[in-house]
Colleague: 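To start, I am sharing the structure in question, which I have written as structure tokens.
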Amino acid sequence: MNARAPKGTADMLPDVARAWEHMQRTAQRLFARYGYEPVYTPIFEHTEVFTRGIGEATDIVSKEMYTFEDKGGRSITLRPEGTASVVRATLEHNLVANGQSAKLYYAGPMFRYERPQKGRMRQFWQIGAEALGMAEPGIDAEVIVMLMRYFEELGIPRQNMRLLINTMGDENCRPAYRDKIAGFIREHSTALCEECNRRAETNPLRAFDCKNPGCKDVMSEAPLLRDELCDDCAAHYAAVKSSLDDLAISYIEDPSLVRGLDYYTRTVFEVQVDAGLGSQNAIGGGGRYDRLMEQYGGPATPGLGFALGFERTLLALEAAGVAILGHPVAEVYVARVDAALGGAVFALVQELRDAGIATETDYQGRSLKSQFKQADRLGARAVVIVGPDELAAGEVTMRDMTTKDESRIPLGEIAARLKQLLG
RNA sequence: GUGGGUGUAGCUCAGUUGGUUAGAGCGUCGGACUGUGGCUCCGAAGGUCGCGGGUUCGAGCCCCGUUACCCACCCCA
């Protein structure tokens with residue numbers, strides 16, 4: 001038996017699990033203020049949900065999916081991202097029929113078959129939010145602001161983050177631009193890498209993303225979509241920027257920001273940090289996907305959203321020196337002078353827990369000294385000592401671990417006294 | 001898929017030109033006039049030195065293979 005988690009997965013031990021819960025709670029509180037409601041979609045979907053939505057030519061679909069055939073012969077894929085599923089669910093349940101809108105958020109594990117490295121896992125967690133049915137540029141800004149506020153609320157200093165934005169155009173202006181870039185790549189084929197040449201056929205815009213210095217040079221001369229936008233897209237982009245300005249959210253326009261999913265239209269954005277993530281730098285990103293619902297056979301429905309990565313966010317938090325503190329494991333520790341008193345202790349511990357007090361005790365027959373050490377380690381504010389002397393008088397000793405004050409308390413009053421001490 | 005690095009107690013790591021009972025710190029457990037914590041001191045438990053071959057009188061140290069993890073490329077959260 002190989003007692004090891006599979007490659008690219010990790011156990012989240014209490015310290016990390018606590019951070020996870022903190023990140024989820026923070027999202028729940030914040031997103032609720034923006035009108036978002038939770039949604040849980042399956043962790044696996046029919047493969048087609050992703051191939052259609054994300055795009056056959058993307059890295060995610062072409063080489064990173066966990067796809068398998070189930071016992072019924074269906075092709076199933078572990079979700080590599082959340083948007084496709086949420087949009088599928090929205091369509092399936094008619095959440096935005098007849099001009100309705102929906103604001104939904106989700107959190108959970110995603111799966112991508114890649115070589116793991118710092119900030120990249122095969123199973124990784126994301127929180128995402130999707131705003132469906134709204135085409136106005138104001139909602140673009142709102143989504144971006146909520147994402148930035150989330151990171152800030154967790155404790156990543158604003159100056160540690162960089163918000164990049166760009167526009168991908170729409171079906172009116174992008175095809176022409178796409179052809180133009182494909183042509184540009186062909187013209188400069190000798191100066192570009194093999195991969196970029198291949199991109200001319202599959203997804204020309206991704207050539208902007210190439211990290212090869214030679215390609216970067218060449219692509220810096222390429223025509224920009226910004227200059228080829230149709231009027232509607234140009235107006236939308238201008239309005240988004242203007243809203244961000246109004247909200248004092250600073251951003252960097254990055255024409256090379258393309259992102260790895262085919263469904264994006266118009267606004268795309270990414271939040272990057274410099275420290276803690278190894279060679280990665282994005283902690284969150286997203287964009288608008290006004291045609292996605294139609295790709296699933298649904299009515300034309302605009303939408304946009306973002307996703308952010310837990311692992312990377314935690315790395316960024318650590319790099320920023322932010323500690324996520326846990327609650328004490330126990331508020332009260334019940335110690336017994338000798339093991340024979342177990343019965344009385346057991347009843348008392350249960351009574352305290354029923355009274356809402358986090359209570360811990362020893363089940364290993366340890367020395368009183370050791371029990372005190374344990375109480376200290378668990379962060380207990382008080383220790384209740386159960387000994388023969390006390391019990392003979394129907395009492396216990398209560399020790400305030402901060403002030404070291406001790407007093408004998410009748411058994412019947414101990415719960416109330418402890419609650420009083422704990423405030 | 002490709003490349004580099006690492007793999008010694010629960011954790012972080014030392015282990016000299018290969019040499020005889022493999023060490024430290026932290027943590028854990030026990031103790032310091034025996035019913036009491038956080039400091040200090042003492043002591044104890046705990047290791048197939050990733051695994052398999054090879055070289056050697058002898059290998060944690062050298063060689064080969066293998067595996068795991070880490071990091072990087074690609075791309076992304």
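Order of the sequence lines sets the chain letters (A, B, ...), proteins ahead of strands, with each chain counted from 1.
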Colleague: Between A:Q374 (CD) and B:G27 (P), how many Å, whole number?
Modeller: 14 Å

Colleague: Quick one: the side chain of A:E406 and the base of B:U36, do they pair up donor-acceptor inside 3.5 Å?
Modeller: yes

Colleague: Ring of A:W125 versus six-membered ring of B:A77: centres under 5.5 Å and planes under 30°?
Modeller: no

Colleague: Contact class for A:I385 (heavy atom, under 4.0 Å): base, sugar-phosphate, or nothing?
Modeller: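 Base contact.
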
Colleague: Find which nucleotide of RNA chain B each of A:R259 and A:D389 is nearest to by heavy atoms, and output the residue with the more 5' nucleotide.
Modeller: A:D389

Colleague: Looking across every strand, which nucleic acid part, if any, lies under 4.0 Å from A:G119 by heavy atom: base, sugar-phosphate, or nothing?
Modeller: base

Colleague: Does a side-chain N or O from A:Q117 land closer than 4.0 Å to OP1 or OP2 of B:C73, or not?
Modeller: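 Yes, within the criterion.
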
Colleague: Both distances under 3.5 Å, Watson-Crick or G-U wobble: report the partner of B:U36, or none.
Modeller: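 Because no pair has both required distances under 3.5 Å, B:U36 counts as unpaired.
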
Colleague: Restricting to non-hydrogen atoms, name the atom on A:Y34 and the atom on A:L30 that form the minimum distance, rounded to 0.1 Å.
Modeller: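 Result for this residue pair: CD1-O, 3.2 Å.
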
Colleague: Look through every strand shown and name the nucleotide pairing with B:A59 as Watson-Crick or G-U wobble, where both distances are under 3.5 Å.
Modeller: none

Colleague: Could you tell me whether A:A375 contacts a base, only the sugar-phosphate backbone, or nothing, with contacts defined as non-hydrogen atoms closer than 4.0 Å?
Modeller: nothing

Colleague: Rounding to an integer number of angstrom, what distance separates B:A59 and B:U17 when you compare their C1' atoms?
Modeller: 14 Å

Colleague: If I take atom CE from residue A:M134 and atom CD from residue A:E142, how far apart are they, to the nearest 0.5 angstrom?
Modeller: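 A:M134 CE to A:E142 CD: 7.5 Å, rounded to 0.5 Å.
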
Colleague: Can you tell me how far C1' of B:C69 sits from NZ of A:K118, to the nearest Å?
Modeller: 13 Å

Colleague: Please report, rounded to the nearest Å, how far the C1' atom of B:C69 is from the CZ atom of A:R115.
Modeller: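 Roughly 11 Å, once rounded to whole Å.
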
Colleague: Considering only atom P, compute the distance from B:U56 to B:A72 and round it to an integer number of Å.
Modeller: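 Nearest-Å result for B:U56 against B:A72 at atom P: 42 Å.
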
Colleague: How would you label the contact of A:R366 with the nucleic acid (heavy atoms, under 4.0 Å): base, sugar-phosphate, or nothing?
Modeller: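 Sugar-phosphate, no base atom in range.
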
Colleague: Does OP1 or OP2 of B:C74 have a side-chain N or O of A:K63 closer than 4.0 Å?
Modeller: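 No, outside the criterion.
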
Colleague: Find the partner of B:U17: check Watson-Crick (N1-N3 plus N6-O4 or O6-N4) and G-U wobble (N1-O2, O6-N3) distances, both under 3.5 Å, and reply none if neither fits.
Modeller: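 Partner of B:U17: none.
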
Colleague: Contact class for A:E114 (heavy atom, under 4.0 Å): base, sugar-phosphate, or nothing?
Modeller: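 A:E114: base contact, heavy atoms under 4.0 Å.
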
Colleague: Report the distance from atom CE of A:M401 to atom P of B:G37, rounded to the nearest whole Å.
Modeller: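 For the pair A:M401 CE and B:G37 P, the rounded distance is 9 Å.
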
Colleague: Is any side-chain heavy atom of A:Y289 less than 4.5 Å from a side-chain heavy atom of A:M168?
Modeller: no

Colleague: Does A:R377 place a side-chain N or O at less than 4.0 Å from the phosphate oxygens OP1/OP2 of B:U28?
Modeller: yes

Colleague: Taking any heavy-atom pair under 4.0 Å as a contact, classify A:M110: base, sugar-phosphate, or nothing.
Modeller: nothing

Colleague: Quote, to the nearest angstrom, the P distance that separates B:G60 from B:U55.
Modeller: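 Pairwise P distance, B:G60 against B:U55, rounds to 16 Å.
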
Colleague: Using a 4.0 Å heavy-atom cut-off, does A:L378 contact any base of the nucleic acid, only the sugar-phosphate backbone, or nothing at all?
Modeller: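 No contact at all - A:L378 keeps every heavy atom at 4.0 Å or more from the nucleic acid.
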
Colleague: Please tell me if A:S367 has a side-chain N or O lying less than 4.0 Å from either OP1 or OP2 of B:G35.
Modeller: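 Negative; the distance criterion is not met.
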
Colleague: In whole angstrom, give the distance that lies between atom CG of A:D362 and atom C1' of B:G37.
Modeller: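 Distance check: A:D362 CG to B:G37 C1' gives 14 Å.
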
Colleague: With a 3.5 Å cut-off and no angle check, do the side chains of A:D140 and A:T267 form a donor-acceptor pair?
Modeller: yes

Colleague: Mind checking who B:U48 pairs with, Watson-Crick or G-U wobble, both distances under 3.5 Å?
Modeller: none

Colleague: Think A:K369 has a side-chain N or O under 4.0 angstrom from the OP1 or OP2 of B:G37?
Modeller: yes

Colleague: If pairing requires Watson-Crick or G-U wobble contacts with both distances under 3.5 Å, which nucleotide is the partner of B:G43?
Modeller: B:C29

Colleague: Whole Å only: how far is the NZ atom of A:K373 from the C1' atom of B:U36?
Modeller: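 Interatomic distance, NZ of A:K373 to C1' of B:U36: 11 Å.
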
Colleague: Please tell me if the side chains of A:D389 and A:V337 come closer than 4.5 Å, counting only heavy atoms from C-beta onward.
Modeller: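 No, side chains not in contact.
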
Colleague: On the nucleotide B:G30, are OP1 or OP2 found under 4.0 Å from the side-chain N or O atoms that A:S370 carries?
Modeller: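 Yes, A:S370 has a side-chain N/O under 4.0 Å of OP1/OP2 on B:G30.
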
Colleague: Below 30° counts as parallel, above 60° as perpendicular, anything between as tilted: where do the rings of A:F310 and A:W125 land?
Modeller: tilted

Colleague: Name the nucleic acid region contacted by A:E390, choosing base, sugar-phosphate or nothing; use a 4.0 angstrom heavy-atom cut-off, strictly under.
Modeller: base

Colleague: Given the C1' atoms of B:G7 and B:C51, what is the spacing between them in whole Å?
Modeller: 11 Å

Colleague: A:E81 near the nucleic acid: base, sugar-phosphate alone, or nothing, with a heavy-atom cut-off under 4.0 Å?
Modeller: nothing

Colleague: B:A77 C1' sits how many Å from A:F269 CZ, rounded?
Modeller: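 It is 13 Å, rounded to the nearest whole Å.
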
Colleague: To the side chain of A:R120, which of B:A77, B:A68, B:G37 is closest?
Modeller: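 Taking heavy atoms from C-beta onward, the closest nucleotide is B:A77.
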
Colleague: Between A:L308 (CG) and B:A77 (P), how many Å, whole number?
Modeller: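 Roughly 11 Å, once rounded to whole Å.
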
Colleague: Using the closest heavy atom to pick a nucleotide of RNA chain B for each, name whichever of A:F372 or A:Q126 lands nearer the 5' end.
Modeller: A:F372

Colleague: Are A:F44 and A:Y66 near enough that their ring centres are under 6.0 Å apart?
Modeller: no

Colleague: Side-chain donor or acceptor of A:Q272 under 3.5 Å from a matching atom on the base of B:A77?
Modeller: no

Colleague: Quick one: look up who B:A24 pairs with, Watson-Crick or G-U, both distances under 3.5 Å, and put none if it's unpaired.
Modeller: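 Check on B:A24: paired to B:U12, both distances under 3.5 Å.
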
Colleague: For A:Y113, is the NZ or CZ atom of A:R122 found under 6.0 angstrom from the centre of its six-membered ring and inside 45 degrees of the ring axis?
Modeller: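 Output yes; distance and angle both within limits.
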
Colleague: Can you tell me the pairing partner of B:G7 across any strand shown, Watson-Crick or G-U wobble, with both distances under 3.5 angstrom?
Modeller: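 B:U67 - that is the nucleotide pairing with B:G7, both distances being under 3.5 Å.
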
Colleague: Provide the distance between the two C1' atoms, one in B:U21 and one in B:C49, to the nearest whole Å.
Modeller: 15 Å

Colleague: For the CD atom of A:E228 and the SG atom of A:C233, what is their distance to the nearest 0.5 Å?
Modeller: 12.5 Å

